[in-house]
Amino acid sequence: MTSSPTRPAPGPGPEAGEVIVDWFATAARDLPWRRPGVDGWAVLVSEVMLQQTPVARVEPVWREWLARWPAPSALAAASPAEVIRAWGKLGYPRRALRLREAAAAIAERHGDVVPSSVPDLEALPGIGTYTARAVACFGYGRRQPVVDTNVRRVVARLVHGRAEAANARAADLADIAALAPEDDDRAVRFSVAIMELGALVCVAGTPRCGACPVRERCAWRLAGSPAHEGPARRVQKFAGTDRQVRGRLLDVLRAASEPVDAAALEPAWDDPAQRARCLDSLLTDGLVEQTEDGLFRLPA
DNA sequence: CATTCGTGGCA
DNA sequence: TTGCCAAGAAT
């Protein structure tokens, strides 16, 4: 083996990225925010709604939002109460407030046009490493590595031969950039394609390797599909947590057409101390406000 | 770097 | 039924 000058480096090699792009051409879901003519604003709204939220739940709300607020300035002009109600049950309603704040910043500082550069996007409230790159890439066709939970899982298996992804790291961006096709146009499609592969085939539960276009190059399969080493990732509890209580309180206020008193919030949760703590945190977050006469409502 | 922050479908 | 988990961000 000493005279093997062109021995390939470990890992699937750059052709894997090309194969994934070709797979995407036939396997991609027809999602509304991927269609031609969808602007940066619509893409930004979709990406924020999709944070930790399934596609099926986002679709109808996204359509309503874009019809109602077709530009950032329109959303910025809405009240927090309107925005929180329109957010419905997507979860993590602080996202709705931050999206409204981002819209105001875009209207004021960027001429009502969503910026296309990653630094400008990351400067907006609620827009982090992932979302900034997703908007630049999917919304504006910029060549950008885009790393979400799906991509980290695919790279963990395909490149590193591990069953599960580690925590997010800066090196993730380099990992994915190494797989991207040279051609810029294909590299842009690759960014969405590898996400799609993770969402449809290389899934968290039981991966559907039989349907995978790169199964023959996958380091994890080549290693015999070894089980995950180390401690299992802790799953967050929900029942009984402040998150559940906050959700219950917000439910009452979303349904109320007029400000309510503290007694009206009691049915939301039995424990008075936890109820009070959660109501206070909602006030701090700007998801609830108190009127002059001490009643509670969504911020007008 | 670990936690917190909603919600509901599904294996 | 219960646990898993779904295009993260902020602190």
Side-chain angles (χ1 to χ4, degrees), chain A residues 24 28-29 31-34 38 42-62 84 87-99 101-102 121-139 144-155 164-170 172 176 191-200 202-208 228 231-254 268-269 274 277-278 280-282 284-288:
Chain A
F24 182 74
R29 291 170 291 179
L31 301 178
W33 41 85
R34 288 179 182 166
V38 173
V43 170
L44 175 56
V45 172
S46 78
E47 291 300 340
V48 172
M49 288 182 171
L50 286 163
Q51 290 168 2
Q52 300 286 283
T53 308
V55 165
R57 208 176 304 168
V58 166
E59 276 207 44
V61 183
W62 179 82
I84 293 165
W87 194 253
K89 307 282 286 186
L90 286 182
Y92 296 138
R94 292 185 299 184
R95 288 183 294 168
L97 294 182
R98 289 178 182 142
L99 185 49
E101 293 165 10
L121 286 161
E122 282 187 320
L124 299 169
I127 309 300
T129 303
Y130 162 77
T131 304
R133 285 167 177 76
V135 171
C137 187
F138 309 151
Q144 286 290 338
V146 180
V147 178
D148 74 330
T149 183
N150 290 306
V151 173
R152 287 205 313 279
R153 185 174 55 249
V154 172
V155 171
E164 294 181 23
N167 290 330
R169 296 178 165 285
D172 293 339
I176 202 64
S191 287
V192 63
I194 192 166
M195 279 179 61
E196 191 80 338
L197 186 65
L200 299 181
C202 195
V203 295
T206 306
R208 306 208 269 261
H228 174 64
R233 191 175 64 84
R234 278 176 50 190
V235 176
Q236 292 186 78
K237 298 294 183 190
F238 178 65
T241 63
D242 285 2
R243 293 206 326 288
Q244 182 179 28
V245 179
R246 284 165 56 104
R248 293 270 194 90
L249 291 169
L250 220 48
D251 256 347
V252 172
L253 295 173
R254 265 195 299 259
W269 198 253
Q274 189 176 17
R277 180 176 73 239
C278 290
D280 187 66
S281 74
L282 288 170
T284 298
D285 288 346
L287 286 164
V288 176

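It should be emphasised that the depicted structure is a prediction, and the values quoted were computed from it without experimental measurement. Below, chains carry the letters A, B, ... as their sequence lines are ordered, and counting in each starts from 1.
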What is the first contacted nucleotide of DNA chain C and what is the last, in 5' to 3' order, if contact means an atom lying under 4.0 angstrom from a heavy atom of chain A?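 Using the under 4.0 Å cut-off, the span is dC4(C) to dA10(C).
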Hey, does [Y] have a side-chain heavy atom less than 4.5 Å from the side chain of [X]?
{"X": "Gln144(A)", "Y": "Ser191(A)", "answer": "no"}
{"X": "Arg254(A)", "Y": "Lys89(A)", "answer": "yes"}
{"X": "Val192(A)", "Y": "Phe138(A)", "answer": "yes"}
{"X": "Trp33(A)", "Y": "Val55(A)", "answer": "yes"}

Name all residues meeting the salt bridge (Lys or Arg N to Asp or Glu O under 4.0 Å) criterion together with [X]; count only those two or more places apart in sequence or in a different chain, and write none if there are none.
{"X": "Asp242(A)", "result": "Arg277(A)"}
{"X": "Glu101(A)", "result": "none"}
{"X": "Arg248(A)", "result": "none"}

Please work out if [X] contacts a base, only the sugar-phosphate, or nothing of the nucleic acid, heavy-atom cut-off 4.0 Å.
{"X": "Arg254(A)", "value": "sugar-phosphate"}
{"X": "Thr241(A)", "value": "nothing"}
{"X": "Trp87(A)", "value": "nothing"}
{"X": "Arg29(A)", "value": "base"}
{"X": "Arg152(A)", "value": "nothing"}
{"X": "Ala134(A)", "value": "nothing"}
{"X": "Leu31(A)", "value": "base"}
{"X": "Gly91(A)", "value": "base"}
{"X": "Ala56(A)", "value": "nothing"}
{"X": "Leu90(A)", "value": "base"}

Hey, is Arg29(A) close enough to Glu196(A) for a salt bridge, meaning N to O under 4.0 Å?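 Yes, charged N to carboxylate O under 4.0 Å.
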Judged by each residue's nearest nucleotide on DNA chain C, which is more toward the 5′ side, Val235(A) or Glu122(A)?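 Final value for this comparison: Val235(A).
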Nearest-nucleotide 5' precedence on DNA chain C, Gly126(A) against Ala204(A):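 Closer to the 5' end of DNA chain C: Ala204(A).
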Sequence neighbours excluded, which residues qualify as side chain to side chain donor-acceptor pair (under 3.5 Å) partners of Arg95(A)?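 Scan of Arg95(A) (side chain to side chain donor-acceptor pair (under 3.5 Å), adjacent residues dropped) gives Thr53(A).
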Please list, chain by chain and in numerical order, all residues satisfying side chain to side chain donor-acceptor pair (under 3.5 Å) with Asp172(A), sequence neighbours excluded.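 Residues passing side chain to side chain donor-acceptor pair (under 3.5 Å) with Asp172(A): none at all.
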What N/O pairs connect the protein and nucleotides 8-11 of chain B at under 3.5 Å? Give each pair on its own line.
residue : atom : partner  : partner atom : Å
dG8(B)  : O4'  : Arg57(A) : NH2          : 3.2

Please, which pairs that meet salt bridge (Lys or Arg N to Asp or Glu O under 4.0 Å) have at least one residue in residues 124-137 of chain A, sequence neighbours excluded?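 Qualifying pairs: Glu122(A)-Arg133(A).
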For residues 42-49 of chain A, dump all side-chain donor-acceptor pairs below 3.5 Å to protein atoms at least two apart in sequence or in another chain.
residue  : atom : partner   : partner atom : Å
Ser46(A) : OG   : Val43(A)  : O            : 2.7
Glu47(A) : OE1  : Tyr130(A) : OH           : 2.7

Could you measure between the two P atoms, the one in dC5(B) and the one in dA7(C), and give it in whole Å?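 22 Å, rounded to whole Å.
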Can you tell me, in whole Å, how much space there is between the P of dT11(C) and that of dG6(B)?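 Between the two P atoms, the distance is 14 Å.
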Of all residues at least two apart in sequence or in a different chain, which pass the ring pair (Phe, Tyr, Trp, His ring centres under 6.0 Å) check with Trp87(A)?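 Only Trp65(A) meet the ring pair (Phe, Tyr, Trp, His ring centres under 6.0 Å) criterion with Trp87(A).
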Quick check on contacts: within residues 46-53 of chain A, what sits under 4.0 Å from DNA chain C by heavy-atom distance?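 Hits under 4.0 Å, by residue number: Glu47(A), Leu50(A), Gln51(A), Gln52(A).
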Would you compute the distance between atom CG of Leu282(A) and atom CZ of Arg94(A) and round it to the nearest 0.5 angstrom?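 Reported value, rounded in 0.5 Å steps: 9.5 Å.
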For the CD1 atom of Ile194(A) and the CZ atom of Arg152(A), what is their distance to the nearest 0.5 Å?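 If we round to the nearest 0.5 Å, Ile194(A):CD1 and Arg152(A):CZ are 12.5 Å apart.
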With 3.5 Å as the limit, what N/O pairs link the protein to nucleotides 2-4 of chain B?
none

Where each residue is assigned the nucleotide of DNA chain B containing its nearest heavy atom, which of Arg169(A) and Arg248(A) is assigned the position nearer the 5′ end?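 Whichever sits nearer the 5' end wins; that is Arg169(A).
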